[in-house]
J.: 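Submitted below is the structure of interest, expressed as structure tokens.
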There are 2 protein chains.
Amino acid sequence: SGRSRRALSTAADYSHAVFAPLDTFADRHIGPDAGETAKMLERLGYDSMDAFVDDTVPKHIRVAATTVSNDSIPPLTESELLVRAKELAAQNKVFRTYIGMGYHTAVVPPVILRNVLENPAWYTPYTPYQPEIAQGRLESLVNFQTMVMSLTAMDIANASLLDEATAAAEAMVMSYAVSGSKKRTFVVDRGVAPQTLAVLRTRAKGFGLNLVVADVATYELTPDVSGVLVQYPDINGQVTDYTALADKIHANGSLLSVATDLLALTMLKPPGEWGADIVLGNSARFGVPAAYGGPHAAFFACTNTLKRKMPGRLIGLSKDTMGQPAYRLALQTREQHIRREKATSNICTAQALLANMAAMYAVYHGPTGLRAIAGKVHAFAQIVKDAVESAGLTVANPAFFDTLTVAAPGGASAIHERAASLGINLRRIDNDHVGLTLDESVSLSDVTDLLAVFTGKEVSASSLSPPSQTSIPSSLRRSSEFLPHPVFNTHHSETEMMRYIFHLASKDLGLVHAMIPLGSCTMKLNSTSSMIPLTWPEFSNIHPFAPTEQAAGYARVVKELSEDLCKITGFYAASLQPNSGAAGEYAGLCVIKAYHESRGEGHRDVCLIPVSAHGTNPASAIMAGMKVVSVKTMGDGSLDVSDLRAKAEQYKDKLAAFMITYPSTFGVFEDGVTEACKIIHENGGQVYLDGANLNAQVGVTNPATCGGDVCHLNLHKTFAIPHGGGGPGVGPICVAEHLAPFLPSHPLVATGGDNAIEAVSAAPFGSASILLISWAYVKMLGGRGLSDSSKTALLNANYMAERLRGHYTLRYKNSKNRVAHELLIDLAEFDKLAGLKVTDFAKRLQDFGFHPPTCSWPISTCMLIEPTESESLEELDRFCDAMIKIREEADAIIAGKQPKDNNVLKNAPHPIAAITLPDSEWNRPYTREQAVFPLPFLRQRKFWPTVARIDDAYGDINLVCECPSVEEVASN
Amino acid sequence: SGRSRRALSTAADYSHAVFAPLDTFADRHIGPDAGETAKMLERLGYDSMDAFVDDTVPKHIRVAATTVSNDSIPPLTESELLVRAKELAAQNKVFRTYIGMGYHTAVVPPVILRNVLENPAWYTPYTPYQPEIAQGRLESLVNFQTMVMSLTAMDIANASLLDEATAAAEAMVMSYAVSGSKKRTFVVDRGVAPQTLAVLRTRAKGFGLNLVVADVATYELTPDVSGVLVQYPDINGQVTDYTALADKIHANGSLLSVATDLLALTMLKPPGEWGADIVLGNSARFGVPAAYGGPHAAFFACTNTLKRKMPGRLIGLSKDTMGQPAYRLALQTREQHIRREKATSNICTAQALLANMAAMYAVYHGPTGLRAIAGKVHAFAQIVKDAVESAGLTVANPAFFDTLTVAAPGGASAIHERAASLGINLRRIDNDHVGLTLDESVSLSDVTDLLAVFTGKEVSASSLSPPSQTSIPSSLRRSSEFLPHPVFNTHHSETEMMRYIFHLASKDLGLVHAMIPLGSCTMKLNSTSSMIPLTWPEFSNIHPFAPTEQAAGYARVVKELSEDLCKITGFYAASLQPNSGAAGEYAGLCVIKAYHESRGEGHRDVCLIPVSAHGTNPASAIMAGMKVVSVKTMGDGSLDVSDLRAKAEQYKDKLAAFMITYPSTFGVFEDGVTEACKIIHENGGQVYLDGANLNAQVGVTNPATCGGDVCHLNLHKTFAIPHGGGGPGVGPICVAEHLAPFLPSHPLVATGGDNAIEAVSAAPFGSASILLISWAYVKMLGGRGLSDSSKTALLNANYMAERLRGHYTLRYKNSKNRVAHELLIDLAEFDKLAGLKVTDFAKRLQDFGFHPPTCSWPISTCMLIEPTESESLEELDRFCDAMIKIREEADAIIAGKQPKDNNVLKNAPHPIAAITLPDSEWNRPYTREQAVFPLPFLRQRKFWPTVARIDDAYGDINLVCECPSVEEVASN
Ligand SMILES: Cc1ncc(COP(=O)(O)O)c(C=O)c1O
Ligand SMILES: Cc1ncc(COP(=O)(O)O)c(C=O)c1O
Ligand SMILES: O=C([O-])O
């Protein structure tokens, strides 16, 4: 048609400006325009961007302008990108798919699709570290936890993990940890999914665990067994009664972990009722598209006894200073400050957005709706079973929920051929068996198609009747109620659901409101153009294990994005499998480990890590089987190169790797990076570069030039995947040529190097669908726009440093007085003079309608501020004005004009509930106006915290992680 | 592919419940579930819905249950609907289209597409009658007005009209009105678009005007000429200097109206600089898809002298009681209470949502961006012209902006064939001329394709160079600046734009927040499923005058929707052309008029209208050339049938029509309706049924059974098209068989009856793309769901009447104590006792987070409350609780506990600015908490008015309809 004939004209060279397309993305993505950029440069004393960058980034690591240019990465306009995305979409083939194995065709309620997944108010916020401006998604995540607890019948559940396979790996390591790191054997039933098994093998290797795959029915437990993992229903669909097994496991002093399916649990006796200690799985079939493997939220639940060893984020109830209930991240110390030496998990970014979608799905359907869905899925499976058996085939799994393993001796390929001719995918098992899994999307006509495929005869719908029996044994049927909480029994009309979604969103500060200058998080624009293709059915409805020829569009995205990331990092090959930055660190270190092993140097296991590193670094090193040795930092914030040299030489024979974040977490490009890398290489080690700060580098330097061998990138930072309120994320790794053979494989889909480590994620390309966002981001900016973005990010940070000068202490800068793309300000003096903590400044910033910067990391008395290139000069100024005003307010407290324990900072934030207090209770030495409108712009535009400051300790002592019950709601 | 094989299984009969699909729309659309419905029925004393409906709707007008049933309209599930919509989308063919004639391929900025057009916060609100909770879209509409004023260089502009053709008709009638209704000749230049001309002819007929089509260059003005309309650039692309013409027209005491194009005005001298009195046009190319004709916003601007005669809604600045600037509908009396006898316009619902999109487009691009777009469009046109002329063809219009008329003697069809083979549409003029219009979407490769089409030779892009000249004569080039206002020069990054869109949305109460119980407005759910197909390119990018074989999908939607509406209304045929309810009234009355004429009874011109009718009714009657005679109402609210009989007999020989709203605007099904219709028919008249209240009827009665001959439906009420903050709307008419021949035609696309009246809208199927919404609504509910919806709407209203009983005076009910789908409560007593007006109650409701019901209409002391079926019992109760609490507050005032001039009602609403006043200024005899949290639920969930009560009179005296200038912003 006519539409597709226009299109990729940008590939042409526009000899004349008037020929060039107008909807150029860089102009929209980058906040400051040419005039503002000139103004900022002037304020900093430069007459060109180049001069500024020369002072900011060390000369010896600069790359040529041609490296990342419009020649190497030609830009597409926004319209062109959408045309190109349509072309790739058309290369995917959407079959009716019954492959199962943990992935289903989800029916996404449109009200959730559009108002959550496609709504920037939901997808742009960060992890709710500032709970007073995040009560909406905190409530929704508590719904998620409650949904998991109630369906699994477990005591407590976290707010998501990356996928079922890594959740299983967490269960394994937690079992080991619970044994006091003594019992090194972990038993996995042979009914567990192959992708789970692959990830378990990778993880077991790092921890030096002994992984046994066995038939648990007959396996003899030994004292060394820390835990056992079963799948319920198992990979072939069989539902087994594990009650006796649970008793046996407990008698052996071991833990029982169960991988399960939430929809099945509406009909099956839940694991919590028959002795499970840990229950985990994938929540995607609750309204989250399969999307070629992800993203979606895994869940993880356990018993009360184990709760303090549970990995991942946990949302809990607490109260605010006004005594009102309020949610926040519970037991926080477990996470941000992951214990360096004894870490068992590195989970940081999780899957908040997808957990929220799944929770909303449960809110929308409620227990009755879920039961109806499950009932239909099961009835259809029963009909297929009965018909298949009447046709003379047998079903190998007598007790099932939605999955059948059909025995067709010698006949599997004929069945697959008939299926393919009808556009149907079934699970390929072997020549004699065919698998199929039914789901919510299956209609009656799909069932007749399936019967035609299996029986070779047309079957009319009218000949079918509902099954007269269920093959779920009565001992395994669920009798307990689930989801009785009001929230799951209220919002069942679209109107009510829409209002609930908007009501929660109204409590959360996202990029739709103001800048979120969280250092080390790169909260840049998540453009609409890059989000649009994501929810097209051609991308949403592809099963990760579908025949690869059905996923040619995805293959192209994977290839192009990998190549572009290699151009940007200077590396040779990439793996897009890791689902988060931390997962990337782990994958990269495993690759390094495999490299050493391939050279007969498997004993190399020391990993040097600067003390300033992000907590995930040492945790990942330990998970990859390394020992962490810390490297000191100098008084000026830079790496102590002589300490590094000393340690490298000391551990010369055992040196495996050095992990470095660049620019450093202190926000400075250090000169010493190449020298440091040289030292490591000379001592037999490999250099791992944490690419969380890559936004400072694109087109001006790169990890390869800095001396690295491998890096991960947070696509959810530099490459514009939205943070979704705490995930999804993607943490691909890029590696030098010598490491490429070791890139991770997958048990079901060919990917990775010739000498690959096993999988690190359940799906071959991790969170495949959101790769589209980064692909679009790179393609639309093109080389020039990408480097301009990084340069502007540097400029924005330096402009802020300049504006805050004299008001706040900038902790570190380089010899030319320049910071990198973020700045670290030290607030220690305020504590000394007036007892004002970093938190007081942060909470006061909320009153100005801003999300505070990263607090107390990497230095406890500091704030780390990262503006990104997407913020305009006006917004930077607005934020700096707020900071300067707070400085004045602090001065007044220091000067004794307000008491140290009752002032605008200590009492911040001020929700509307506070300012409506009667005069008799107001009791504060400042007016309501001073509290909430400290600067004039706030009268026009202000985001309101919905609760007062939250008491963290109270909530941790009285841990409540479930949403209110009928009784609690009634008593309010 | 596999996906499309599932699908329309609902067509099958589900003999077993477990086979039925689960995502049934009725369950989501209707608010109360079975339990709630039973509870409400019980409260009203019924044991079944049927018994309740029997008491509510007169027996003699009931229709059989089979009329609207799942047999007559089978339901599709939400998933099935989307599959079906995709099938229809695939039947449309998207060609590259250069037909022009006022319609272009728009480039919709994705940030606007997703966050305005696809965002319920923008599309669900109503017309901003309650400005304190509508400051967001009011500001945006002022941006629209400012954009029009600045680009046209006119003094004042309104906030949109329905389309360019009806805007031209308004200009014609306004010219006539300005002449004191004396000068009956209106001259239209032959360069005006044919669809405009058709609509002008229809309208001229009604007003008895003499429409002359002429070449204005040579036409001799006579004293009878009230005005002249020219198009600039004209339909063939020519740009003419009309300065001398303007002088001549003014010397003749006539007005000059100019139809123009906003993009062209960035380069062309604007009409306001060369003497235009009225300027109008279509703003769609500012980022609103062509969408087979609409919806989009027409604009209308005039000189200061004429402003009080300007049709349509006007937004103006005023101030609130705290002295803060605030926007609201200005000169409101012109609209809601359209003068019955002397109306010249019936415009009510306009195109607010599309006006907002166009305004946002201007905000995003700013003057520089707009100039760049226009510059490129013009340069490409110049290149085509030069190349076409080099190839030996001539261009008939020497001065142009974007449109060329190419003379190709005898060669037009060869050119069209070459074009079609490349998937290109050009304008078909005649055998010797081909037209083409370029737009923003055109790329360089499109230009080379066009050159190939015209020259028959391949042309390479590299052979092209920018034009060295412009064919716009220097005297016609724009030299004045435009859009200098800060708002058009600030939000140019996507981040800034997104924040601006969300910031404005945060000020507006929509269905995403709470019920909007506006009587006579039917603010029901606008479901996501029904909105999704709307923005698919296969529907967005179809030109209304494209060859019909490219619009087969649309044709199917038109056919199916027409048929279903006929089933629902009991009529024979439908026209989907009218763009609003009022436009439907006008069209229906014109059809009646044509029918009388066809029978030699053209003299019939009396239209009987009850005094309680909506203001649009008499206005439409006058526009259709009728004389309005009022019919009285009885003390019990019902039509005075004896007065009707008397009038009908009195005007027997001249009786043309009777217009009746059913159920009446008083919210009751009157028994007398059939009797009334009989009287009219006996006296030679036709019955026009205003279907605004059709939501009370579906499946229980229908207009045909009530005795009507024609009705209009507000698809934006009963059939779930969102109100968009004041439009779009669709007002199709359905007619009995004898009227079908007269349904409106269109000059360019075959539609309408054999004996058709001329067009009433510019596009053949009016606002075609949003027909999809009503189509989806009907298809998803199916017959059963449709009647259940109406029954529930009746139940919800009666439940509210019951709950408010004893607290408020219900003005009318039927003999069984039942109201229809809305209820009218009378607040007169409060005025008497304590000076409390309807407005005070309305503004106080805002403090409870609710949108007030319709106020002071159809009776000045009343509120008309319409809940719709989409509201749940919980929401109804919440609203009733609020009303009852306000009643208590009023009692306290009556009892003297709060002063009559300083109390919670008189001071309402209370924005945050009020409650943050220092204690010294609070000065109110109630606490802040009483002001803003009068009921406990408000602490959890409250929508805040952003300004205090607005002073309407102040704004009307000091009329300001433009957004703040640089100086004004600076001085704030
Ligand atoms: C420096 C650094 N490294 C690693 C990570 C971990 O990334 P993720 O949260 O995606 O696991 C972060 C996250 O903020 C980080 O800042
Ligand atoms: C009874 C009645 N008739 C006609 C109309 C006019 O419809 P529209 O606003 O679509 O022109 C309305 C609008 O509310 C109405 O209530
Ligand atoms: O617009 C209305 O008159 O309702």
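Letters A, B, ... are given to chains in the order of the sequence lines, protein chains preceding strands, and every chain is numbered from 1.
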J.: Which heavy atom in Asp919(B) sits nearest to a heavy atom in Arg928(A), and how many Å separate them?
T.: OD1-NH1, 2.8 Å

J.: Report the C-alpha distance between Glu875(A) and Thr495(B) in whole Å, list the side-chain angles of each, state the deciding distance to 0.1 Å, and finish with yes or no for side-chain contact (heavy atoms from CB on, under 4.5 Å).
T.: CA-CA 10 Å; Glu875(A) 186 72 356; Thr495(B) 297; over 6 Å; no

J.: Between Thr535(B) and chain A, which part of the residue has a heavy atom less than 4.5 Å away: side chain, backbone, both or neither?
T.: side chain

J.: Which heavy-atom pair separates Ile912(A) from Ile912(B) by the least distance, and what is that distance?
T.: CD1-CD1, 3.5 Å

J.: Is it the backbone or the side chain of Ala514(B) that comes under 4.5 Å from a heavy atom of chain A, or both, or neither?
T.: backbone

J.: If you round to the nearest 0.5 Å, how far is CG of Leu22(A) from OG of Ser443(B)?
T.: 11.5 Å

J.: If we define contacts as heavy-atom pairs under 4.5 Å, which of Ala379(A), Pro466(A), Gly31(A), Ser465(A) has the most with chain B?
T.: Pro466(A)

J.: Would you tell me whether Glu929(B) and Thr916(A) have side-chain atoms, one donor and one acceptor, within less than 3.5 Å of each other?
T.: no

J.: Can you tell which part of Val512(B) gets under 4.5 Å to a heavy atom of chain A, answering side chain, backbone, both or neither?
T.: both

J.: Distance under 6.0 Å and angle within 45° of the ring axis: does Arg28(B) meet both against Tyr364(A)?
T.: yes

J.: Quiz question: by atom type and distance under 3.5 Å, do the side chains of Thr490(B) and Glu874(A) form a donor-acceptor pair?
T.: no

J.: Can Glu871(A) and Arg499(B) be counted as an ion pair, charged N to O under 4.0 angstrom?
T.: yes

